Protein chains: 2
Amino acid sequence: MPDIGKMLWPKSVAVVGASSDVHGLRGRILEIILSHPFGGKVYPVSRSTTEVQGLKAYASVEELPEPVDLAILIIPAQYTPAELERCGRAGIKSAVILSSGFAEEGETGTRMQDEIAVIARRYDMAVSGPNTEGFANIPASFCPTFSPAMDKNAGPIKPARALGKGQVSVISQSGGLGFAFFDRARPRNLTFRHIVTTGNEAALEVFDFVDYMLDEGKTDAFLLLLEDVKDRATFERVAGRALRASKPLIVGKLGQSDAGSRAVRSHTGALAGAPADYRAMFERYGVIESREPGEMVDIAAAFLAFGARLPAGKRVGICTSSGGGGAWLADACVAAGLDVPELDGETRAAIDPHLPSYGTSQNPVDVTAQAVHALGYAPFARLLAGSPAADGVIVVVTGRHPRLLLRDREALTQLARESAKPVLMWSYTRPAEACVALMSEAGLPLFTSMVNCARAMRAMADYRCARERFMRG
Amino acid sequence: MPDIGKMLWPKSVAVVGASSDVHGLRGRILEIILSHPFGGKVYPVSRSTTEVQGLKAYASVEELPEPVDLAILIIPAQYTPAELERCGRAGIKSAVILSSGFAEEGETGTRMQDEIAVIARRYDMAVSGPNTEGFANIPASFCPTFSPAMDKNAGPIKPARALGKGQVSVISQSGGLGFAFFDRARPRNLTFRHIVTTGNEAALEVFDFVDYMLDEGKTDAFLLLLEDVKDRATFERVAGRALRASKPLIVGKLGQSDAGSRAVRSHTGALAGAPADYRAMFERYGVIESREPGEMVDIAAAFLAFGARLPAGKRVGICTSSGGGGAWLADACVAAGLDVPELDGETRAAIDPHLPSYGTSQNPVDVTAQAVHALGYAPFARLLAGSPAADGVIVVVTGRHPRLLLRDREALTQLARESAKPVLMWSYTRPAEACVALMSEAGLPLFTSMVNCARAMRAMADYRCARERFMRG
């Protein structure tokens, strides 16, 4: 197996085809790499000039002062196999091929793509692509991609106030969508580790990267976007490893419809396969399937915060300051396959003294705005989390103004730290940025989508169940 | 029928129970009313003081200098019936009762609520509540509510750059959720007309307000949140009127599960009813049901822009700059019950010359980032909208940077104006504010949720179909 570490954590990099024209992709990628504080060496390789974006350029990978760890190829398709061969001869151990024009374009392209696979094997090179948008290693501040999401003007790549201590990695066959996950999750304060886009997967495929990241041991939840599964045996081995390690694979599978599968075929040349086959395979390995990017990010947030404290069953305790919000969420929970049972007498007896006459402790627990103003959300959520009738808790809040939550900050932080069961928050109003930041720091995932919040709880319960079944063998 | 116009468009208002303590609800409501440029007169009524928030206070509604159009009651439940009686005697023709402690609290409360209904009938008063969060009339800048969403610091109540010329009204039994719709829709640049929360509905119910707004003729889409339907005959009459007028009712129905219906009962004393009964009733009148507040707002946005140009069928043409995004959206469309057929030869022949070799015109039309950079999105969307194989168009864009879209502004505006079919936009990346504003001004609804975008198209197709069936009788 080639060393993916050379690719994702290189000490030195050649950008083959780099240009000074930052309006083109060949200039953009170098510009983006240089705009982040990457600690390694960067060598532009160009046949047409001796300087690129202020750096000395080399005419060929063979003329570099050292055999770099990673070659990034962004040159026309027809020159790519020969260039990769040169990289191999020069002792370069990994390459990312961003050029398109391979299997997605027909027979000639498919032949060139096969050549790439052969060369990769010959030199035991870790090769990603072709037809990718590159990748980003967030802790290394290394972003060899032309994705606008990694532009320095797009904002910091590490959140100032992270939700929990865990990290998410994205591995996506689709380039645009891969980086879109990162971009969408920014306002959620999730910490990302790797974003890898794999394109046509001539050599390395999505699950090879998952495998590497499981070795690394630093990714706590995976967001995967698949057009196909190249090799069933690899999938089964890696998905099994992930499930044993309790690192959820949250998967969007493209091409589940005829039209989608037609599109996949033309996009990366992949054969999407029969949906039913995938479903059975995914279920066995506790893979969490989703049809919506926003939902995938929401599920990842829930796992980052409470992945080590998954619900033992499907019973949810709901606590709400909005009576209507509680009722609607209860419907959403039931629609997501969860139960919202009436609470036990002991828990109700502990809650009741704090409620005004128009509140109720039945479940949903309508604590009313009045009681929340007096005591905050935390004491009620804590009582619910302690109930033998609930496997997890959802708190309906209004994140409109940070005032109430600010006052509650310590109690919320303590709740997040000490609760043995997951506690998710849904804001029925549009939450202020300060509220999102505060909840992240407290360690509580804050959802704006009610349905996603319910589905995240369900996904956690299902995952625990699938894992226990798998471990029993 | 009492005159709801007196309530929603009053020239003079009494706030009974008003206080100078803006930390309490009785002070908040007056503060919010006064913070907006409402043109009518406002009279605080207080038994305990002669001045409230700088205004002369009156000891009773009987001592006001004129019989006001609207009395807002925010006093303890037990004093409410007598106060309403005094309002009636004083010739006041409408009242909003914000106080809680009625049917949601048991028998005594139910009796008081019944008294309210009797008094309303006796004086032919338009009475909303009890247990409401008030309402807001956006064009009149009149916001008699304590909802934080209407706080002057929450931002302007009219969008600077509106999507289309149409207006949305919200009528919700739940107060918090009612105003949350408005708040969530703010970043979407939708123009709101009325936000009415009806609470326990002792007298007026949701469909009475819909009826009034249909007379007004200025609401183009309704967002309704129902815990129950009080009177089936009223529903059928009003829903029929709405359908004939092509004013969609986008409805969230609370209490569809046992737990949700338990919560509804304790919230406003409503009996949620059997889900199957509602479904049949809703279907007949083209009511658009949804289980998610964000989706309801998204559907309203689609109708505001293209309500007069609904798709004649379920066939969608997709045009995308991201191959993966197009494939995933095609799956989402099919999951939403839409078709994504291959395009006709003529349309393909018109598109093909503009595509690089790795693009495709099959549908999804993968125009590729390269062609979008050269020509923008508009010409491709226009070709798709002209295809006899598509009833509507969805364009997959990246709204990350406004640069491309800015250049395309005029063409997009022209497309929105001239297209005979709906054109919806989905941004697979998180869109920049400037892009959202630009799309709104152009008249194209921009979605961040892929699934909601597909569902909005489906809702439009279903609505047209239901309306045609209904009109045929």
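The sequence lines fix the lettering, A, B, ..., with proteins before strands; numbering per chain opens at 1. This is a predicted model, so every value here is computed, not measured.
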Discussion item. Please classify the contact between B:Thr398 and chain A as side chain, backbone, both or neither, with a heavy-atom cut-off of under 4.5 Å.
Written reply: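 Interface part for B:Thr398: neither.
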May I ask you to name which of [options] has the most heavy-atom pairs under 4.5 Å with chain A?
{"options": "B:Gly109, B:Ser322, B:Gly176, B:Cys333", "result": "B:Gly176"}
{"options": "B:Val451, B:Leu225, B:Val334", "result": "B:Val451"}
{"options": "B:Gly294, B:Ala332, B:Ala154", "result": "B:Ala154"}

Look at the side chain of [X] and the backbone N and O of [Y], then say whether any donor-acceptor pair between them is shorter than 3.5 Å.
{"X": "B:Arg184", "Y": "A:Tyr428", "value": "yes"}
{"X": "B:Glu292", "Y": "A:Ser449", "value": "no"}
{"X": "B:Asp183", "Y": "A:Thr429", "value": "no"}

As an exercise, state the distance from [atom1] of [X] to [atom2] of [Y], rounded to the nearest 0.5 Å.
{"X": "B:Met450", "Y": "A:Arg291", "atom1": "CE", "atom2": "CZ", "answer": "8.5 Å"}
{"X": "A:Lys253", "Y": "B:Asp331", "atom1": "NZ", "atom2": "CG", "answer": "7.5 Å"}
{"X": "A:Arg265", "Y": "B:Thr360", "atom1": "CZ", "atom2": "OG1", "answer": "12.0 Å"}
{"X": "A:Asp366", "Y": "B:Arg262", "atom1": "CG", "atom2": "CZ", "answer": "12.5 Å"}
{"X": "A:Arg430", "Y": "B:Phe182", "atom1": "CZ", "atom2": "CZ", "answer": "9.0 Å"}

Residue selection (most heavy-atom pairs with chain B, distance under 4.5 Å) from [options]:
{"options": "A:Pro187, A:Gly101, A:Gly175, A:Gly326", "value": "A:Pro187"}
{"options": "A:Gly359, A:Gly325, A:Ala149, A:Gly252", "value": "A:Gly325"}
{"options": "A:Leu25, A:Val340, A:Leu177", "value": "A:Leu177"}
{"options": "A:Ser257, A:Gly106, A:Gly178", "value": "A:Ser257"}

Heavy-atom distance under 4.5 Å to chain B: side chain of [X], backbone, both or neither?
{"X": "A:Ser172", "value": "neither"}
{"X": "A:Ser290", "value": "backbone"}
{"X": "A:Ser357", "value": "both"}
{"X": "A:Glu295", "value": "neither"}
{"X": "A:Leu329", "value": "neither"}
{"X": "A:Ala432", "value": "neither"}
{"X": "A:Pro341", "value": "backbone"}
{"X": "A:Phe102", "value": "neither"}

Practice prompt. May I ask you to check whether over 12 heavy atoms, not counting those of A:Asp258, lie within 6.0 Å of atom CG?
Written response: no
Discussion item. Tell me if the CZ atom of B:Arg407 is crowded by more than 12 foreign heavy atoms within 6.0 Å.
Written reply: yes
Worksheet item: So do the side chains of A:Pro293 and B:Trp328 get within less than 4.5 Å of each other, counting heavy atoms only?
Response: yes
Worksheet item: Taking all non-hydrogen atoms of both residues, which atom of A:Ser174 and which atom of B:Gly324 are closest, and how far apart?
Response: OG-CA, 3.7 Å
